[in-house]
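To start, the structure itself, in structure tokens.
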Protein chains: 2
Amino acid sequence: MTYTTGAAEDYLKTIYSHTEWQGDLITPSALALRLGVAPSSVTEMVKKLATSGLITHVPYGPLALTDAGRLRATAVVRRHRLIETWLVGEMGYDWDQVHDEAEVLEHSISDRLLEAINARLGFPTHDPHGDPIPAADGTVLRPPASLLTDATVGQSGTVLRISDRDPAVLRELAADLIGPGTEFTLTAPFTIALADGQSRLISVAAAASIWVTAPD
Amino acid sequence: MTYTTGAAEDYLKTIYSHTEWQGDLITPSALALRLGVAPSSVTEMVKKLATSGLITHVPYGPLALTDAGRLRATAVVRRHRLIETWLVGEMGYDWDQVHDEAEVLEHSISDRLLEAINARLGFPTHDPHGDPIPAADGTVLRPPASLLTDATVGQSGTVLRISDRDPAVLRELAADLIGPGTEFTLTAPFTIALADGQSRLISVAAAASIWVTAPD
DNA sequence: CATCCGTTTTAGTCATACCGAAATCCTAGC
DNA sequence: GCTAGGATTTCGGTATGACTAAAACGGATG
């Protein structure tokens with residue numbers, strides 16, 4: 001009933017993450033791809049999660065979290081992002097090096113230790129990549145955002161988050177001193193002008209990882 | 001071959017811990033008791049560990065670590081004790097509250113994070129209970145010690161370590177301000193006089209958990 | 001030296017989580 | 001409306017790590 005293995009947490013987290021910025025529901029095959037498991041494995045886990053009341057699923061249809069499932073998922077995301085913030089803030093990690101470590105620790109840290117870390121960090125609201133850290137009650141503060149690849153030339157805004165999927169992208173942007181909070185104007189696909197007047201050429205992979213304030 | 005699951009690590013660590021202070025080899029039944037598993041489970045895991053070259057075992061005989069097994073075991077113990085030291089030193093835990101958390105984290109923390117913690121702590125040599133922290137190469141600095149229950153009346157010495165097995169004992173001794181480094185003279189079974197002249201009545205359970213400098 | 005009894009091993013199950021192959025479903029294109 | 005092909009599920013099987021019950025072992029005792 002209270003089904004909370006590490007594997008199940010990974011499924012819930014991935015389902016949640018897909019809807020967090022993209023908006024649409026995730027399909028079993030997309031979930032399998034993201035998790036790096038076979039589609040048949042997804043079918044099995046989906047059955048267990050549905051039986052436990054954490055997701056809803058009509059056969060051959062997409063997956064959706066229930067309220068209970070979303071709470072469980074945001075709890076895992078909260079752990080992940082607090083751990084990442086801690087690794088960068090206190091333990092000397094760079095932002096492209098924290099993902100794997102957090103991926104493991106998010107399943108093993110106790111609530112008590114998590115809150116001790118949270119307090120040490122001063123109760124941060126965002127992780128190093130700009131992702132909002134869900135509150136303990138599952139609340140997430142997420143401003144409207146769009147991808148830099150969808151921005152129009154001339155559009156100005158602020159970088160809100162960088163997807164932490166690709167470490168190479170994170171290293172590229174760190175070298176360019178681009179991160180959450182950076183103000184920019186898109187001068188060409190994909191060249192941006194920074195506040196100090198400097199110009200930066202952004203790789204396509206990086207542009208597809210940068211979420212910026214939605215245009216007016 | 002490189003068999004390093006969390007379960008196997010627990011077996012190795014427990015085999016090692018038994019020999020660390022007691023000296024004699026552990027039997028399968030004692031191992032089962034300590035780990036809280038059935039004897040048949042031990043037989044199975046022993047087979048795997050022996051096949052992997054981490055322990056030696058003649059059927060119906062006791063268990064002994066190989067050099068490779070001892071190295072693996074001390075690595076786990078090192079993790080456990082550094083994590084405990086960190087929880088007490090930086091995260092606001094008391095010494096009776098760290099065991100369970102360390103028990104989990106010792107299997108999931110990366111070498112990198114462990115060394116970052118180690119550096120933050122200033123490369124400690126002992127954990128809060130007085131247990132020596134093995135070096136990365138498996139070396140352990142362990143002074144000769146004997147149990148307070150084996151001490152003779154009139155014997156003086158210094159508390160070297162308190163077994164972290166029983167949290168209640170740890171709380172009792174913390175309340176009595178007794179810990180590693182405390183100098184004492186045994187005045188009766190089990191009453192000890194401290195350096196400042198104060199006297200303390202020690203419970204039998206606590207006395208059986210206190211390791212002191214060996215008598216001359 | 002035979003027997004007894006606790007220890008250890010064997011044999012058979014279970015739960016989790018994964019896989020590949022085969023069957024089934026859904027839908028887009030005709 | 002039919003059908004091809006991709007997506008999904010079903011089915012059988014693998015690996016880990018645990019369990020119980022029962023058989024096999026071996027050291028201590030009479």
Side-chain angles (χ1 to χ4, degrees), chain A residues 1-15 18-19 22 24-65 69 72-73 76 103-104 106-108, chain B residues 1-16 18-19 22 24-65 69 72-73 76 100 103-104 106-108:
Chain A
M1 186 105 286
T2 316
Y3 184 61
T4 328
T5 63
E9 287 186 348
D10 280 337
Y11 279 80
L12 292 173
K13 185 187 60 170
T14 305
I15 295 168
H18 188 263
T19 61
Q22 267 87 14
D24 54 337
L25 298 177
I26 193 168
T27 60
S29 54
L31 184 52
L33 206 65
R34 278 259 202 118
L35 287 168
V37 300
S40 55
S41 305
V42 170
T43 301
E44 276 199 13
M45 182 62 87
V46 158
K47 251 186 258 176
K48 293 182 204 162
L49 294 174
T51 302
S52 304
L54 296 169
I55 65 174
T56 56
H57 176 235
V58 287
Y60 297 96
L63 312 173
L65 293 170
R72 198 72 63 82
V76 180
E103 202 67 22
V104 177
E106 70 190 9
H107 302 301
S108 40
Chain B
M1 184 104 282
T2 317
Y3 185 57
T4 330
T5 64
E9 287 186 348
D10 280 337
Y11 278 81
L12 292 174
K13 183 186 60 170
T14 305
I15 295 169
Y16 172 81
H18 187 265
T19 61
Q22 267 85 15
D24 55 335
L25 296 177
I26 194 168
T27 61
S29 55
L31 184 53
L33 206 66
R34 279 261 201 115
L35 288 169
V37 301
S40 55
S41 305
V42 170
T43 301
E44 281 200 7
M45 183 61 87
V46 158
K47 249 185 260 174
K48 291 182 203 163
L49 294 174
T51 303
S52 304
L54 297 169
I55 66 174
T56 57
H57 176 235
V58 287
Y60 296 95
L63 312 173
L65 293 171
R72 198 73 61 83
V76 180
D100 293 352
E103 203 67 22
V104 178
E106 70 190 12
H107 302 301
S108 39

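- Nucleotide D:dT16 holds its P atom 12 Å from the CG atom of B:Leu49, rounded to whole Å.
- In this structure, CG of A:Leu35 is placed 8 Å from P of C:dC18, rounded to the nearest angstrom.
- Scanning all heavy atoms of the two residues, the minimum distance from A:His18 to A:Leu25 falls at CE1-O, 3.8 Å.
- Minimum heavy-atom separation, B:Ala73 to B:Tyr16: CB-CB, 3.6 Å.
- Side-chain atoms of B:Arg72 come within 3.5 Å of backbone N or O of B:Tyr3 as a donor-acceptor pair.
- Note: CG (B:Leu31) to P (D:dG17) measures 14 Å, nearest angstrom.
- Among all heavy-atom pairs drawn from A:Gly61 and A:Pro28, the shortest one is O-CD, 3.7 Å.
- When side chains are defined from C-beta on, B:Leu12 counts as touching B:Ile55, because their heavy atoms get closer than 4.5 Å.
- B:Leu49 pairs in a side-chain contact (heavy atoms from CB on, under 4.5 Å) with only one of the listed residues (B:Leu54, B:Leu63, B:Leu65), which is B:Leu54.
- Put simply, CD on B:Glu9 is 16 Å from P on D:dT16, counting in whole angstrom units.
- In this structure, A:Met45 atom CE and C:dA17 atom P are separated by 4 Å, rounded to whole Å.
- Contact annotation for A:Gly36: backbone-only contact, meaning every heavy-atom pair under 4.0 Å involves sugar-phosphate atoms and none involves a base.
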Hey, what are the protein-to-nucleotides 1-7 of chain D N/O distances that come in under 3.5 Å?
none

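- In this structure, A:Thr5 reaches the C:dA17 phosphate: one of its side-chain N or O atoms is under 4.0 Å from OP1 or OP2.
- At whole-Å resolution of the value, NZ in A:Lys47 and P in D:dT8 are 15 Å apart.
- Among the atoms of the strands shown, base atoms are found under 4.0 Å from some heavy atom of B:Ala38.
- Side-chain atoms of A:Thr51 come within 3.5 Å of backbone N or O of A:Lys47 as a donor-acceptor pair.
- Proximity note for A:Ser40 (side chain, C-beta onward) versus D:dA21, D:dT8, C:dA21: the nearest is C:dA21.
- Here B:Ser41 does not reach the OP1 or OP2 of D:dA18: none of its side-chain N or O atoms lies under 4.0 Å away.
- The interatomic distance linking B:His57 (NE2) with D:dC25 (P) rounds to 14 Å, in whole Å.
- Between the P atom of C:dC14 and the NZ atom of A:Lys48 lies a distance of 16 Å, rounded to the nearest Å.
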